[in-house]
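Notes to accompany the following structure.
Order of the sequence lines fixes the chain letters, A, B, ..., with proteins taken first and strands second; residue numbering starts at 1 for each chain.
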Amino acid sequence: MAHSGNPIAGTGTGSSPRLLIARAANLLFTLSLTFVGLTAITFIIGRVMPADPVLAIVGDRAPKEVYEAMYLKLGLDKPLIQQYLIYLVNVLQGDFGKSIMTTRLVLDDLIRFFPATFELASIATLAGIFIGVPMGVVAAVRQGRLTDHIVRVVGLIGYSVPIFWLGLMALLVFYARLEWLPGPGRIEVYYDGIVDPITGFILIDSAVQGEWEVFNNALSHLVLPAAMLATYALAYIARMTRSFMLDQLSQEYVITARVKGLSELAVIWRHAFRNVLVQLITIIGLTYASLLEGSVLTETVFAWPGIGQYITNSLFNADMNAVIGGTVVVGICFVGINMISDTLYRLVDPRVR
Amino acid sequence: MAEGVVTEAGGTARLRAWLLSDSPESTFHARCQRFYLGWRAFRTNPIAMIGLSIIATLVLAAVFAPLLTQGDGAEQHLSDRLLAPSAEHWFGTDELGRDIYERIVWGSRITLYIVGLVGVMVVPIGLLIGTVAGYVGGWVDTVLMRFTDIFLAFPRLILALAFVSALGPGIENAVLAIALTTWSPYARLARAETITIRNSEYIMAARLQGASAWRILYGHIMPLCLSSVIIRLTLDMAGIILTAAGLGFLGLGAQPPLPEWGAMISTGRQYILDQWWVAAVPGLAIFVVSLGFNLLGDGLRDVLDPKSGSAG
């Protein structure tokens with residue numbers, strides 16, 4: 001993804017009001033086009049599904065009249081394009097329809113399941129940043145030496161390992177054999193429902209309400225799945241940081257700074273790293289977005305009640321409203337995060353402004 | 001005997017002189033020379049060589065699977081189920097008493113099949129869309145690139161999941177789904193390359209000679225895009241393998257009894273607490289192969305693209 005160029009980047013370099021408006025319009029256009037594309041493709045997939053949505057609701061023993069009434073009620077007699085437009089209008093109003101599996105509104109389900117994924121991906125990304133960035137910087141500074149090779153190998157391992165398998169192995173070692181950490185799930189059953197879901201993030205909710213026992217339990221459950229996702233984040237961030245730093249360290253201003261007699265720490269962190277920071281924002285945005293979607297497999301392995309597990313479970317139950325809703329929400333987050341990082345990029349880098 | 005060695009050495013020396021001569025006599029000669037020089041640079045890169053040997057092992061295992069195993073990995077011996085690794089069963093046996101070593105060897109064919117098929121589908125689509133957009137420009141460029149951006153903005157695994165569930169689980173559909181979610185970066189890459197070369201003088205010359213747009217695209221622009229596309233593909237291979245394994249793990253990829261590594265982990269998951277090898281070995285195989293592709297891709301980039309910042 002990182003080499004793919006930025007789809008949203010504008011071309012103007014000035015910042016006159018007219019250019020700003022043009023850029024905002026361009027951004028809005030791209031956003032709406034992506035949104036329409038995203039919903040259209042998921043919608044078509046939903047309609048191509050071999051499962052019959054009417055049968056899924058009324059059951060296969062329903063009399064013909066009931067079946068046909070439901071068929072009309074779902075609007076399946078209308079042309080596909082009209083069905084899609086109706087769906088699009090509903091989605092824009094936040095109406096994703098009803099989930100067959102949970103019999104609740106899909107939107108309610110998504111609001112319930114999303115925080116778990118968000119919590120997991122956020123902590124994994126933070127861990128990836130705090131470990132990966134220093135690793136990358138150190139590797140670049142000590143290019144070609146042992147530290148550099150270790151960082152490169154660690155990075156490649158994080159890139160190459162199937163995360164779901166690593167999760168299984170980690171459960172085997174740390175839960176089943178060593179018994180250091182709890183098993184799958186977000187929290188132990190007997191702590192379930194003790195804290196009121198204010199934000200949906202168990203760590204924040206339990207801390208705010210002073211339920212430290214719950215907090216500790218939730219934290220210990222979070223360690224393994226977050227570590228698995230962080231492995232990937234760390235590998236990617238360290239690798240890109242190293243490559244960006246190498247670019248900067250060979251620039252003339254670095255030589256100038258050294259000739260001036262600045263300490264090596266100042267040269268690396270205050271001069272070179274500052275320039276890397278700008279590029280890093282994009283990379284971190286990409287990592288974050290891919291963790292939000294990539295948690296599907298990790299959530300399956302760790303029985304984590306997040307949006308990834310929700311989508312997979314719905315898929316196996318042919319619950320298309322839920323699948324489309326989940327996919328659209330993840331897609332919007334994905335696009336949204338990339339746009340935020342693109343905007344941040346412009347704010348931080350005076351050359352792009 | 002000694003004479004034979006001398007001629008052989010002489011032959012090698014002559015071959016090397018031919019490969020290194022300053023004035024190639026034919027296009028074929030020039031191509032061989034380029035390849036040889038690339039190989040010489042490649043050979044000095046230990047990381048790339050490790051990657052290459054892993055991939056070579058994979059290919060050899062796939063080709064010679066019948067020679068490397070006694071059965072086809074599908075025979076069940078219910079009396080030998082879930083045996084631990086031993087001299088007789090190197091990697092142990094699974095829940096139906098099938099030898100895991102044999103299944104891993106036969107599974108390498110499936111892995112290569114998936115990777116190869118995705119590559120064959122993704123590269124032409126990406127090259128075509130990217131070069132046409134970059135060469136023609138104007139509204140064609142805008143339309144094609146917006147289309148590409150939509151696919152680029154998609155969450156890959158989830159889209160693949162949705163595709164496979166719509167088309168029905170199975171290895172071909174998994175390949176199709178992965179290809180549909182993978183082609184877009186290639187289009188962007190090819191477009192960027194095309195834009196940098198479309199105004200060069202030799203393209204002008206070809207156009208003056210009356211070459212058609214298609215001829216210029218196919219004969220002059222696409223070959224130049226190929227090296228960066230191939231590097232990108234090698235680096236993507238690991239991701240493709242991991243996605244395919246993930247789909248297999250969820251039960252949406254290759255179906256049992258096919259020895260697909262991801263599906264093997266999925267069944268091994270039930271026995272993870274007591275018979276860990278059933279899930280551990282196929283995962284290790286996936287890991288080693290995708291590591292191999294990553295090492296190879298890294299090395300190829302160092303050799304073919306010296307501008308790249310991450311070249312160490």
Legend entry - chain B contact via A:Val36 - side chain, backbone, both or neither, heavy atoms under 4.5 Å: neither

Any chance you could measure [X], atom [atom1], to [Y], atom [atom2], to the nearest 0.5 Å?
X: B:Phe249; Y: A:Ile163; atom1: CZ; atom2: CD1; answer: 12.5 Å
X: B:Ile47; Y: A:Arg152; atom1: CD1; atom2: CZ; answer: 4.5 Å
X: B:Leu273; Y: A:Tyr175; atom1: CG; atom2: OH; answer: 7.5 Å
X: A:Ser160; Y: B:Leu295; atom1: OG; atom2: CG; answer: 7.0 Å
X: A:Leu156; Y: B:Asn294; atom1: CG; atom2: CG; answer: 5.5 Å
X: B:Ile272; Y: A:Met169; atom1: CD1; atom2: CE; answer: 3.5 Å

Inset, instruction - Measure distances from B:Leu252 to the heavy atoms of chain A and classify the residue's part below 4.5 Å as side chain, backbone, both or neither. - result: side chain

Inset, instruction - Would you mind telling me which of A:Val296, A:Thr327, A:Ile157, A:Ile311 has the largest number of heavy-atom pairs within less than 4.5 Å of chain B? - result: A:Ile157

Legend entry - Sub-4.5 Å side-chain heavy-atom contact between B:Arg269 and A:Trp165: no

Inset, instruction - Taking all heavy atoms of B:Ile265 and all of A:Phe164, pick out the closest pair and write down the distance. - result: CD1-CE1, 3.8 Å

Legend entry - Distance-minimising heavy-atom pair for A:Pro162 and B:Ile286: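 That would be CG-CG2, 3.6 Å.
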
